[in-house]
Peer 1: 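Sharing a structure here in structure tokens format.
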Amino acid sequence: MLNKTLNAKLLWMQFEDVLAPRLGLTVWDRAVYSYLLRHSLVVGKLRLHFAVMSVARDLGLSNGPVRQAVRRLDELGALRLLERSKTGHLVEMRLPEQIRALRPGRNGASKAAEEPPASNLETTDFLKTWALRKTIHDRERGACFYCLRRTPANVQCLDHVVPRARFGRNSYRNLVSCCLECNTRKGDRPARDFLRTVYRLGRLTPAELDGRLRALQALAAGKLRPLLPSV
Ligand SMILES: [Zn+2]
């Protein structure tokens with residue numbers, strides 16, 4: 001339960017002026033975040049259990065975009081996905097002011113100074129801040145790690161190669177930048193299997209598949225290091 005009253009005006013302004021533009025939310029992300037917030041924090045509940053189908057029906061969307069939005073909001077830290085089962089999703093919502101990447105004073109250059117030095121690379125949580133997440137996107141140079149398609153910044157996702165549900169970490173060895181479609185299709189499947197599916201769909205040539213499988217090994221071996229902002 002929340003122990004303070006929400007300031008609706010402030011919340012609305014933070015959502016429209018800070019959260020949506022800074023996190024690069026799509027219209028679907030925005031609709032889903034607003035909807036979930038309305039049924040959780042706005043009525044004093046921290047957590048919300050919901051079925052994707054009902055949210056989709058209420059928002060006039062199909063299930064896919066709602067599922068993708070929930071996944072993206074979780075990745076961006078706007079909510080925390082606690083459980084996913086046949087009966088639905090259990091999430092813990094975050095107000096804009098609680099989203100780590102959006103806290104006051106954390107923008108652009110000032111953020112770079114807070115990043116850990118390269119010696120901490122192995123213990124760094126790369127989902128922690130916007131600047132750290134960007135280093136993973138930059139490492140992939142705007143291409144999806146799985147299908148190699150060029151991916152505009154507003155639809156780039158970070159994907160856990162070993163899913164978080166299976167204790168995958170937020171390490172640079174376990175996070176890749178990918179397109180929304182691959183992020184959704186992969187789900188909790190092992191990355192190697194997923195790459196073979198992408199190949200079967202004709203999105204990768206045999207040589208590219210080979211290259212991607214090797215990249216996966218290099219990633220796990222710590223050879224694909226992102227460039228941390230200088231301190
Ligand atoms: Zn892709």
Side-chain angles (χ1 to χ4, degrees), residues 20 22-33 52 56 61-79 81 84 89 101 125-128 130-227:
R22 283 244 215 123
L23 295 184
L25 299 188
T26 64
V27 287
W28 298 280
D29 299 337
R30 292 164 77 125
V32 171
Y33 180 79
V52 164
L61 294 170
S62 43
N63 297 346
V66 173
R67 209 171 278 123
Q68 282 168 16
V70 172
R71 190 184 280 261
R72 234 168 94 77
L73 291 167
D74 174 50
E75 177 199 304
L76 294 167
L79 56 80
L81 186 54
R84 198 171 50 184
H89 289 57
D125 176 343
F126 277 84
L127 285 190
K128 201 167 162 192
W130 173 86
L132 285 168
R133 289 196 297 271
K134 188 171 180 298
T135 64
I136 303 288
H137 291 302
D138 289 348
R139 183 188 63 193
E140 263 73 274
R141 296 181 184 156
C144 170
F145 182 86
Y146 298 116
C147 71
L148 295 174
R149 272 186 300 190
R150 298 221 64 79
T151 311
N154 63 341
V155 286
Q156 278 172 344
C157 301
L158 286 182
D159 184 66
H160 286 86
V161 172
V162 176
R164 224 167 359 173
R166 294 185 190 172
F167 306 106
R169 296 184 305 138
N170 298 342
S171 151
Y172 74 96
R173 296 174 184 238
N174 192 43
L175 287 171
V176 295
S177 175
C178 70
C179 70
L180 204 56
E181 191 184 336
C182 284
N183 187 263
T184 310
R185 275 179 185 266
K186 176 174 170 282
D188 289 346
R189 276 192 288 168
R192 294 180 71 85
D193 295 354
F194 176 65
L195 281 172
R196 292 199 176 93
T197 306
V198 177
Y199 166 68
R200 278 196 294 276
L201 290 169
R203 301 250 166 88
L204 292 174
T205 65
E208 284 171 340
L209 171 66
D210 200 43
R212 292 296 81 206
L213 291 171
R214 273 188 279 119
L216 207 53
Q217 278 179 341
L219 182 81
K223 290 177 187 163
L224 304 185
R225 294 170 166 235
L227 208 56

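We count ligands from 1, going down the list as the structure has it; atoms in each ligand are counted the same way.
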Peer 1: Checking R173 side chain against A220 main chain: does a donor-acceptor pair fall under 3.5 Å?
Peer 2: yes

Peer 1: Within the distance-only criterion (no hydrogens, no angle test), does the side chain of R139 pair as donor or acceptor with the backbone N or O of L224 below 3.5 angstrom?
Peer 2: yes

Peer 1: Rounded to the nearest 0.5 Å, what separates atom CD in Q68 from atom OG1 in T184?
Peer 2: 3.5 Å

Peer 1: Among residues at least two apart in sequence or on other chains, which ones pass salt bridge (charged side-chain N to carboxylate O under 4.0 Å, His left out) with E181?
Peer 2: R149, R185, R203

Peer 1: For the backbone of F145 and the side chain of E140, can you confirm whether one donor and one acceptor N or O come within less than 3.5 Å of each other?
Peer 2: no

Peer 1: Whether the side chain of R169 engages the backbone of L175 through a donor-acceptor N/O pair (distance < 3.5 Å, no angle test) should be reported.
Peer 2: no

Peer 1: Go around the Zn ion (ligand 1) and count every protein N, O or S atom nearer than 2.8 Å.
Peer 2: 4

